[in-house]
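Here's the structure, in structure tokens; my notes come after.
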Protein chains: 2
Amino acid sequence: MRLPIYLKIAQDIKEKINSGELKPGDPIYSENTLCKTYKASRMTVRRGLALLASEGYIYSIPGKGSFVREPDNNSYTLYYNEMKNLVNSVDKTKLLEVSITLPNQRLINSLQVTRNKKIILIRRLFFTEGEPVAYDVKYLPYCKGMPIVEKEIQYATFPEMVAKKMSLFAIRKELIIYTQMPDEEIKKYLNIYSDLPLMVVEQKLYDREERPIGLGITYYRGDYCKLYAESYFSDSLLNEKYKNGVET
Amino acid sequence: MRLPIYLKIAQDIKEKINSGELKPGDPIYSENTLCKTYKASRMTVRRGLALLASEGYIYSIPGKGSFVREPDNNSYTLYYNEMKNLVNSVDKTKLLEVSITLPNQRLINSLQVTRNKKIILIRRLFFTEGEPVAYDVKYLPYCKGMPIVEKEIQYATFPEMVAKKMSLFAIRKELIIYTQMPDEEIKKYLNIYSDLPLMVVEQKLYDREERPIGLGITYYRGDYCKLYAESYFSDSLLNEKYKNGVET
DNA sequence: TAGTGGTCTAGACCACACC
DNA sequence: GTGTGGTCTAGACCACTAC
């Protein structure tokens, strides 16, 4: 078998945890014990344990030992892209407005700006196969280098809009998802004539100093929006190579 | 400074990526170069790089080098618990029904069972401060040891219901989130008399062999349900200890 | 004092990429 | 060939825990 020892160690322990043989709180064999068991050096054993730790399976307490972690049952990975989701993929957009305004009270609070700060306002409609499926509004505090050119805005997602100015790695994003009935204006934009609710996604961007750098609100027709999430098994970004050799 | 060398290396490179000095696709200094720069052994340098790799900042190609990864802009961490969310926390539940039935066509497909397989059906109402806020239905293929005792069901979340039988580590969970108008039955349960939409969360559980082991659908009053998600910076589960020493 | 995990070194051999 | 990353060893010293 060509499976590296450290992966073998990690897999064996993971198997014990998944099967329930090791339960949350239970101690793992000590590093020295594992060294003997696998005839491996301590660094190799530690690498296996480090992998399990980074995947959230175990944790260590200096001087005491390593233990099985309580799994986080309430976290999921949500896939969200303004223009792509389960039921529709935006194939056309219409730029309704690009302008520079002053913030109202809600924006002053939300973006943490003064009432004199210039705000870029962008309003768009998203279409799928000719049908309007979402109404989209963005607010960005104006800075030099901000996108106010139509071409840069038309098909850009929110993170892309600010990416011109800074590294996408440095941006923290928040989503708030809720539902509401459309007002008359949105009904008009989205061709809604019956009792159809909206899915609303508020997206807020922060820089590394936790300063808000943008607020976006997207109003989806309820029948065109499904969001998908799943529990993440960060089952190592590495194992791809060895996926065949799962033999014990 | 007491900051370990490997963390120092990781932080320095992370800083270069966050600031935009290093962009996606750019090569990182080779391991040998970093050894000399930091007067460290190769294992120590590799530990720093491994940390960055596990956090999604970089990736390596054998024989070529390490490079800055394209950030994943569409993934968020969603916090979801049937009984806890932004606007309400369930403080009372009412068990409407616990019974064993046979699956209809939708359940046969969704749970991948035969039409003779017994299904546990659980229907509940969730309350916040006396108000009904959600109507909840669960379907579980019946196995020995399944919870059919009221006490075990009344306040249990979906993953907890099946946890009696297997390790929570081994369960994969999927969520599908959408909105719709309530039918007459749900309107009655949730005291809805006006134009109020529902937030619907479908939760599906799978075992390690990707066999469905449960389907749950929770219908929230739209005004009592907001979901929250954020971009994850897995900024290491470790750094806690050194958070002060961020001086370069 | 003995055992634990945390950090680190200075080597080694390998497969791979590039010239 | 040289340089790269991938795996691994056999030690070392430290701080901490438990007895």
Side-chain angles (χ1 to χ4, degrees), chain A residues 1-13 17 22 25-69 236-245, chain B residues 1-13 17 22 25-69 236-245:
Chain A
M1 63 169 181
R2 303 217 324 295
L3 189 70
I5 303 175
Y6 76 96
L7 278 183
K8 170 76 173 140
I9 295 172
Q11 281 187 7
D12 284 358
I13 296 175
I17 295 175
L22 284 173
D26 286 356
I28 308 292
Y29 297 119
S30 81
E31 296 178 358
N32 280 321
T33 307
L34 289 170
C35 287
K36 287 166 195 159
T37 308
Y38 288 93
K39 294 179 185 43
S41 77
R42 191 159 157 242
M43 281 306 261
T44 302
V45 168
R46 281 183 60 74
R47 191 168 170 194
L49 295 182
L51 187 58
L52 291 174
S54 78
E55 292 179 357
Y57 281 89
I58 67 171
Y59 63 95
S60 301
I61 301 178
K64 298 188 76 172
S66 296
F67 306 88
V68 179
R69 191 188 287 278
S236 85
L237 316 156
L238 319 157
N239 283 358
E240 300 298 331
K241 245 169 82 181
Y242 303 101
K243 259 190 181 162
N244 41 345
Chain B
M1 62 168 180
R2 301 214 325 293
L3 189 70
I5 303 176
Y6 77 96
L7 277 183
K8 169 78 172 140
I9 295 172
Q11 282 187 7
D12 284 359
I13 296 176
I17 295 174
L22 285 173
D26 286 355
I28 309 291
Y29 296 119
S30 82
E31 295 178 358
N32 280 321
T33 308
L34 288 170
C35 288
K36 287 167 196 157
T37 307
Y38 288 92
K39 294 179 182 46
S41 77
R42 187 155 161 247
M43 281 306 260
T44 301
V45 168
R46 281 182 61 74
R47 189 168 171 193
L49 296 181
L51 188 57
L52 291 174
S54 77
E55 292 179 357
Y57 280 90
I58 66 172
Y59 62 95
S60 301
I61 301 178
K64 298 188 77 171
S66 296
F67 307 87
V68 178
R69 190 187 288 277
S236 84
L237 316 156
L238 320 156
N239 283 358
E240 300 299 329
K241 246 170 81 181
Y242 304 100
K243 260 191 180 160
N244 41 346

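Convention: sequence-line order gives letters A, B, ...; per-chain numbering from 1.
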Under 4.0 Å between a side-chain N/O of [X] and OP1 or OP2 of [N], yes or no?
| X | N | result |
| --- | --- | --- |
| S30(A) | dG3(C) | no |
| R47(B) | dC8(C) | no |
| T44(A) | dT9(D) | yes |
| N32(B) | dG3(D) | no |

In Å, rounded to the nearest 0.5 Å, how long is the span from CD1 of I9(B) to CD of E31(B)?
10.0 Å
Rounded to the nearest 0.5 Å, the CZ atom of R69(A) sits from the CD atom of E55(A) at a distance of 12.0 Å
Taking the side chain of Y6(A) as heavy atoms from C-beta outward, which of dT7(C), dC8(D), dT4(D) is closest to it?
dC8(D)
Rounded to whole Å, how long is the line connecting atom [atom1] of [X] with atom [atom2] of [N]?
| X | N | atom1 | atom2 | result |
| --- | --- | --- | --- | --- |
| K39(B) | dT7(C) | NZ | P | 22 Å |
| Y29(A) | dG5(C) | OH | C1' | 18 Å |
| F67(B) | dA17(C) | CZ | C1' | 11 Å |
| L7(B) | dG6(C) | CG | P | 12 Å |
| L34(A) | dT4(C) | CG | P | 10 Å |
| I28(A) | dG6(C) | CD1 | P | 13 Å |
| L51(A) | dT7(D) | CG | C1' | 14 Å |
| Y59(A) | dT4(C) | OH | P | 17 Å |

Between the side chains of S66(A) and S60(A), does any donor sit under 3.5 Å from an acceptor?
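Yes, because at least one side-chain N or O of S66(A) sits under 3.5 Å from a partner of the opposite role on S60(A).
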Flag, side chain of T37(A) to backbone of T33(A), donor-acceptor distance under 3.5 Å:
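Yes: the side chain of T37(A) pairs with the backbone of T33(A).
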L52(A) side chain reached by I28(A) side chain, heavy atoms, under 4.5 Å:
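Contact flag for I28(A)/L52(A) side chains = no.
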With heavy-atom distances below 4.5 Å as the criterion, would you say the side chains of R42(A) and R46(A) are in contact?
yes
Sugar-phosphate, base or nothing in reach of L49(A), heavy atoms under 4.0 Å
nothing
So which one's nearest nucleotide on DNA chain D is more toward 5', S60(B) or I5(A)?
S60(B)
With 3.5 Å as the limit, what N/O pairs link the protein to nucleotides 10-17 of chain D?
unit_1, atom_1, unit_2, atom_2, d
dA12(D), N6, R42(A), NH1, 3.4
dT17(D), O4', G63(A), O, 3.4

Surrounding OH of Y29(A) (heavy atoms of other residues, nucleotides or ligands, distance under 6.0 Å), is the total greater than 12?
no
